[in-house]
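Data first, discussion second: the structure below is written as structure tokens.
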Amino acid sequence: MSENPAPSTVKTDDRRTDSEHETADDSAVRLELLAEENRHLRAEYRRARRANYRRTALGMVGVGALSGLGALLFPASRTVFVALAGTGLFAAVLTYFLTPEQFVSASVGERTYAAHAATGAELVETLGLTGTEIYLPTGETAGPDAGVRLFVPHHHEYALPTPDDLSSPFVVTDDERERGMSMPSTGSELFVEFESMIDDTADRLPDLADQLADTLVEGFEMVEGATTDVEAEDGQVTVGIDGSRYGPVDRFDHPVASFIAVGLAREMDRPVLLDCTTSEDDRVDYLITCSLLDRE
């Protein structure tokens, strides 16, 4: 009898070994291709983020330039215009050079915001504005204001200006009730970042409020805690804030409160009246109350 099976078995094992090597090589190639694609996607994402920040910086430069021109044309209000021009140009430089890949501590961010808060408060006082903060949707989604402008009316018995009238920092219309100050808010770019972090923005008011509050805690880490109380029929959202890392939340256009107001105004497509107060409840430090207004 012939004993030939042994060589056949060896050849089969050789073929199996070659196949395993080919499979391993193919996997290594696929992994390398995936790694390269991931590097490319990350680079594209960084470039897109830098482009957004630089467009915002250009918008701030425009505000500074217009305010500087206003200082020349209206000497009586020169102090106000110079302050606004300085703030716009400072914000432009800061926005241009602080790219998203750089880490900025909460204390540095808070100090940067403090200058904006002080300037806003001085403008409100100097111009004799009410201090009421209303976040108005403009119908646009692009630009440094993310489709929402902060409007501070001149009269307590105010009327809401049209989106076209909001394009200028100083709103001067034929109807005196519509006059006041308009500007991009600190929450606008935060809302753009929020949109990039989630798959779908909620349609229902309670779900949207929860999304925004959770992002403040888990996504941006701007506060230690945020709880929501929604009265959907009345169009009112109250967010309790605990442990703000950007200081007192009841200051002018505070980024925590502004982010909530911008998000509601943008997604509900309705003006939002913002009211922020210190809380008497030991569980939270501040209460942010956002009331959805009718357009008329």
Side-chain angles (χ1 to χ4, degrees), residues 34-61 91-106 108-110 112-113 116 135-150 183-226 228 237 239 241 244-246 249 253-270 272 274 288 290:
L34 288 173
E36 179 61 30
E37 185 177 355
N38 284 336
R39 287 192 292 269
H40 176 71
L41 289 174
R42 284 195 294 268
E44 288 295 325
Y45 176 72
R46 286 193 294 269
R47 280 195 289 270
R49 291 291 306 280
R50 284 195 294 268
N52 284 334
Y53 271 60
R54 287 169 182 173
R55 282 195 294 269
T56 301
L58 289 175
M60 294 295 184
V61 168
V93 172
L94 196 65
T95 302
Y96 186 88
F97 288 104
L98 286 182
T99 61
E101 292 77 27
Q102 294 174 310
F103 173 78
V104 181
S105 68
V108 172
E110 197 281 331
T112 302
Y113 158 70
H116 169 74
Y135 294 79
L136 298 176
T138 63
E140 300 179 359
T141 58
D145 53 23
V148 178
R149 299 274 294 188
L150 169 59
M183 64 176 64
S185 68
T186 59
S188 295
E189 285 298 328
L190 290 175
F191 182 76
V192 173
E193 179 66 14
F194 162 77
E195 287 185 306
S196 70
M197 294 168 59
I198 63 173
D199 295 328
D200 295 303
T201 306
D203 296 327
R204 296 178 62 252
L205 185 59
D207 298 333
L208 176 61
D210 287 340
Q211 277 187 337
L212 296 172
D214 290 343
T215 301
L216 283 175
V217 180
E218 303 294 340
F220 298 151
E221 298 183 358
M222 297 176 67
V223 300
E224 294 179 5
T228 61
V237 174
V239 182
I241 298 297
S244 169
R245 296 187 173 93
Y246 275 64
V249 181
D253 191 35
H254 191 281
V256 170
S258 180
F259 168 67
I260 297 291
V262 168
L264 295 175
R266 171 74 176 272
E267 293 306 309
M268 295 292 103
D269 193 28
R270 290 175 61 182
V272 171
L274 175 66
I288 299 171
C290 295

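For the single chain, residues carry numbers from 1 onward in sequence order. This one's a predicted model, so the numbers in the text were calculated from it and none came from an experiment.
- Scanning all heavy atoms of the two residues, the minimum distance from Cys290 to Leu264 falls at CB-CD1, 3.6 Å.
- One distance of note links CD of Gln211 with CD1 of Ile198; it measures 4.5 Å at 0.5 Å rounding.
- Once rounded to the nearest 0.5 Å, the distance linking CG of Leu216 with CD1 of Ile241 reads 5.5 Å.
- Nearest heavy atoms, Met222 versus Pro255: CE-CB, 3.7 Å.
- Screening residues 204-220 for salt bridge (Lys or Arg N to Asp or Glu O under 4.0 Å) gives Arg204-Asp207 as the qualifying pairs, with residues at least two apart or on separate chains.
- In this structure Glu221 satisfies the side-chain contact (heavy atoms from CB on, under 4.5 Å) test together with Arg245, sequence neighbours excluded.
- In terms of heavy-atom proximity, Gly219 sits nearest to Met197 at CA-CE, 3.5 Å.
- The line from OG of Ser244 to NE2 of His254 is 4.0 Å long, rounded to the nearest 0.5 Å.
- Applying the ring-ring contact (aromatic ring centres under 6.0 Å, His included) rule to pairs touching residues 197-219 yields nothing, sequence neighbours excluded.
- Residue Thr215 holds its OG1 atom at 5.0 Å from CZ of Phe259, rounded to the nearest 0.5 Å.
- Remark: Phe191 engages Phe194 in a ring-ring contact (aromatic ring centres under 6.0 Å, His included) (not counting sequence neighbours).
- The side-chain contact (heavy atoms from CB on, under 4.5 Å) test applied to Ala209 returns Thr228, Val230, Val237, not counting sequence neighbours.
- For the atom pair OG1 (Thr138) and CZ (Arg149), the distance works out to 8.5 Å, reported to the nearest 0.5 Å.
- Arg266 has its side chain out of reach of Tyr135: every pair of non-hydrogen atoms, C-beta onward, lies at least 4.5 Å apart.
- Asp203 and Met268 make their closest contact through O-CE, 3.1 Å (heavy atoms, listed as atom of the first residue, atom of the second, distance).
- In this structure, a donor-acceptor pair under 3.5 Å is present between the side chains of Ser258 and Asp253.
- In this structure, Leu136 CG and Arg270 CZ are separated by 12.5 Å, a value rounded to the nearest 0.5 Å.
- With hydrogens and angles ignored, the 3.5 Å screen pairs no side-chain donor or acceptor of His116 with any backbone N or O of Ser185.
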